[in-house]
Q: 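This structure is in structure tokens; I'll ask about it shortly.
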Number of protein chains: 2
Amino acid sequence: MTGAPAFDITSLHAFYSGGGTVHAIIDRVFARLAEVNDPGIFLHLAEREALLTQADALGPFDANAKPLWGIPFAVKDNIDVAGMPTTAACPDYSYMPTADATVVRLLKEAGALVIGKTNLDQFATGLVGVRSPYPIPRNAIDASLVPGGSSSGSAVATAQGIVSFALGTDTAGSGRIPAGLNNIVGLKPSVGALSTTGVIPACRTLDCVSIFALTVDDAWRVFNTTARYDAADAYSKDMTATGYGPLPPVLTIGVPAKPDRQFFGDASMEASYEDALGMLTALGHRVVEVPFGDFYKVANLLYEGAWVAERYAAVKAFFDSNEESFHPVTRKIYGGAKTLSAADAFNGFYALQALKRAVQPIIDSVDLFCVPTAPRHYSMAELAAEPIRENSRLGTYTNFVNLLDMCGIAVPTGKRGDGLPASVTLLAPSGRDGLTAALAREIHQTAGVGLGATSWALPPTPTITATASPDGMIDLVVVG
Amino acid sequence: MTGAPAFDITSLHAFYSGGGTVHAIIDRVFARLAEVNDPGIFLHLAEREALLTQADALGPFDANAKPLWGIPFAVKDNIDVAGMPTTAACPDYSYMPTADATVVRLLKEAGALVIGKTNLDQFATGLVGVRSPYPIPRNAIDASLVPGGSSSGSAVATAQGIVSFALGTDTAGSGRIPAGLNNIVGLKPSVGALSTTGVIPACRTLDCVSIFALTVDDAWRVFNTTARYDAADAYSKDMTATGYGPLPPVLTIGVPAKPDRQFFGDASMEASYEDALGMLTALGHRVVEVPFGDFYKVANLLYEGAWVAERYAAVKAFFDSNEESFHPVTRKIYGGAKTLSAADAFNGFYALQALKRAVQPIIDSVDLFCVPTAPRHYSMAELAAEPIRENSRLGTYTNFVNLLDMCGIAVPTGKRGDGLPASVTLLAPSGRDGLTAALAREIHQTAGVGLGATSWALPPTPTITATASPDGMIDLVVVG
């Protein structure tokens, strides 16, 4: 479509500012859907007419009043959108919510438009994106590859340029792995920063709503719009969104010591990670190797006992009477948790607490961490051969994060030698969302890689000046 | 024994300073044991000869080098003392520890002498003090009354003047209830302030080692000696012992709203509580009534599911193969927890988290709380008639405290009309141990009540001046 803008928010707002219409963008969304022609991405689509009506109700373009004015987005189908069925990729579980999840409401109030609900690993259990009874979303870069999950549809919709951003959820890495495998940004907020009211729990004590976007600035804008304390969510935290501004000139960045790195035979991923660390050093930061064995032990806890039981607890009544409604792999995982005792759960907490103490000095020794987002790419065939093992391996660098109450952001670092996307994830203790995002922005800018699977380039990146807005949030101010 | 000093630390140190010997005090301990003649207090006593040898090894009196020089104390029998069997009041569980629990080691290093191991509600489960296969310790004030538990022996030993102080543990109120029922001070530290290394867990996530003493200054001195971060205890916290100094002139003190108070028919306890609140007002503090319904809901969680399972988890292997070794009531409680699932445990955590949010504004609205320590006294006959219900009622004002991560101190407020002891407990969020202790000191001083069941009076209370010592702790400085 000649003259159509890129879908990053900066470009879309420039388009609107120059007289472009939301109708044109909605047309473009549907045109792009047809071009991509992937029936696995969306489980439900908004009616075109309804979208046009919503567009008209926005009033004249005003990005100050509505920072996401006219921005199309997608919502993972374990997050409620009023009037669209929520399925969690389990058709028998489906229900029709009458209210938006809190995050969706905030985004709508900011002017964003819900295009539809996206496919996922059923009940958000999995990192592969193929544990769904619906057609599987195709990896946006290479259809022979696993798309990554559990937020597969949201990541692919963003990477394909169908929407500007999408909501996912992240308990074990579901907001990072598919970002890494589809060449986009995946922001996993600190637990509690974004409300989970209206979200089907995976592990309630660990769950986050996450954000997929084409650029770090876009992800941060969505974060800034949605990070609000919610009294209705007992795990909500009042996290002032600070730190997304000029970076300290030298950050100390922890990375897994060489013998602790795991790529499961993907030499190209290993090389791309080395390149990314070289980039960080070239940017003036201090990269330090730290032991990672105890982080992996934490990661293993997530699928070994207590927290699998937490997934089961979330849907116990439904599972107990509808076991046959579950995807075979999901059923096996949840069924295994039925027999776990409360004593098992406590033993899991003790093991975690001991490991927390073991890794704390390592966490305290750095400003943040930089890890590979995924250890490797898997083909659909490789995954089919070892569905549980390869899923588990995908979580090598993600599974420990929520258990340790850290925030993270996955960011593209360029193309590997074989043309596949490379990505790192920056991790830091809860509350440092802004710091990790600011460094991710620097990395994305330096990598200069195209956006997702589109032909769009990263828009000119404005200099950030931090200014406190009246509501105490740090606003992003575009200079020059 | 003519000329024998009172056993509070101030009086004992004055005695030593004036040339009195530890041998004389050890003699007095054994003489007092014979006078009291209660076979239920101690499950194991130190050998007199061994104590005399330890006394000789202390060197010359030096309260600066050894702040507990020559001070006799008792240890609840779920806390290890090297060379003395640990039974947890379950003979078949008994083992002989080769190392002291960390708190015991710290006390010995400070010059204190272990007189023996004390009786308890088996595995510290109970608030009554009668769930033991050994003879039941007699309430030090009135032998027809329940002594309170689970740290029954430690409280009675202190109240009878056999020791200067004693260690207990507190998960649901075991460090406060028996203090209240025996007219002594019971300090329940913030969770994590005192190491639990070498302590048999009840609920590992909630357990505290607690301190029984004749005076608040003594309890604080023991706290100051033992509150040390312990890397071997995954739940240990580095809690600098601050705030035990001059009080702010006006504290805002939350108390249960009148309709929410529960005394289960004990009008004398109700009147004594009113008197205590009058005392606080007379001292210039602001007493404000707050709703207490949600605190009681938290309290109920402790015996309803998840946390009973945590008790079971602590002794699972032993219980599963030795059920008959348990006290009948304890067996019933633990047996009920065997069937609880991991999902039940998580549902308990969610219920707690929601209640935490509900009470947080109340907690934030005051400096600390003042509640009755126990809602009433029970006779042994009343308890025998309703062993579970009355145990549960005893915990009305204690069960919610550790679940809400608060610290507390029980302090005598005088004699009730019928001569029985009255007591309030001051509660505050974790870390305010010093604030609650400083107010407890003011209350104890104002009440002017005798110490425990002895004829000893509260020693002259020095003015406190807060000074930071080289290790960053606030020391108590005696002025005049």
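This structure is a prediction, so every number in the text was calculated from the model and none was measured. Each chain gets a letter, A, B and so on, in the order the sequences are listed, and its residues count up from 1.
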Q: Among B:Ala314, B:Cys203, B:Ala313, which residue forms the greatest number of heavy-atom pairs with chain A at distances under 4.5 Å?
A: B:Ala313
Q: Nearest 0.5 angstrom please: B:Lys316 NZ to A:Asn347 CG, how far?
A: 8.5 Å
Q: A side-chain contact here means heavy atoms from C-beta on lying under 4.5 Å apart; do B:Ser341 and A:Lys338 qualify?
A: no
Q: If I measure from the heavy atoms of chain A, does B:Thr339 come under 4.5 Å with its side chain, its backbone, both, or neither?
A: neither
Q: Taking A:Arg204 for its side chain and B:Phe346 for its backbone only, find out whether a donor-acceptor pair lies under 3.5 Å.
A: no
Q: Output the option from A:Ala231, A:Ser236, A:Ala358, A:Ala354 having the highest count of non-hydrogen pairs under 4.5 Å with chain B.
A: A:Ser236
Q: To the nearest 0.5 Å, how far apart are CD in A:Gln353 and OG1 in B:Thr205?
A: 9.5 Å
Q: One pair to check against ring-ring contact (aromatic ring centres under 6.0 Å, His included): B:Tyr235 and A:Phe349. What are the steps and the verdict?
A: CA-CA 11 Å; B:Tyr235 292 91; A:Phe349 304 146; 9.8 Å; no
Q: What residue in A:Ala342, A:Ala345, A:Gly348, A:Ala343 has the most heavy-atom pairs under 4.5 Å with chain B?
A: A:Ala342
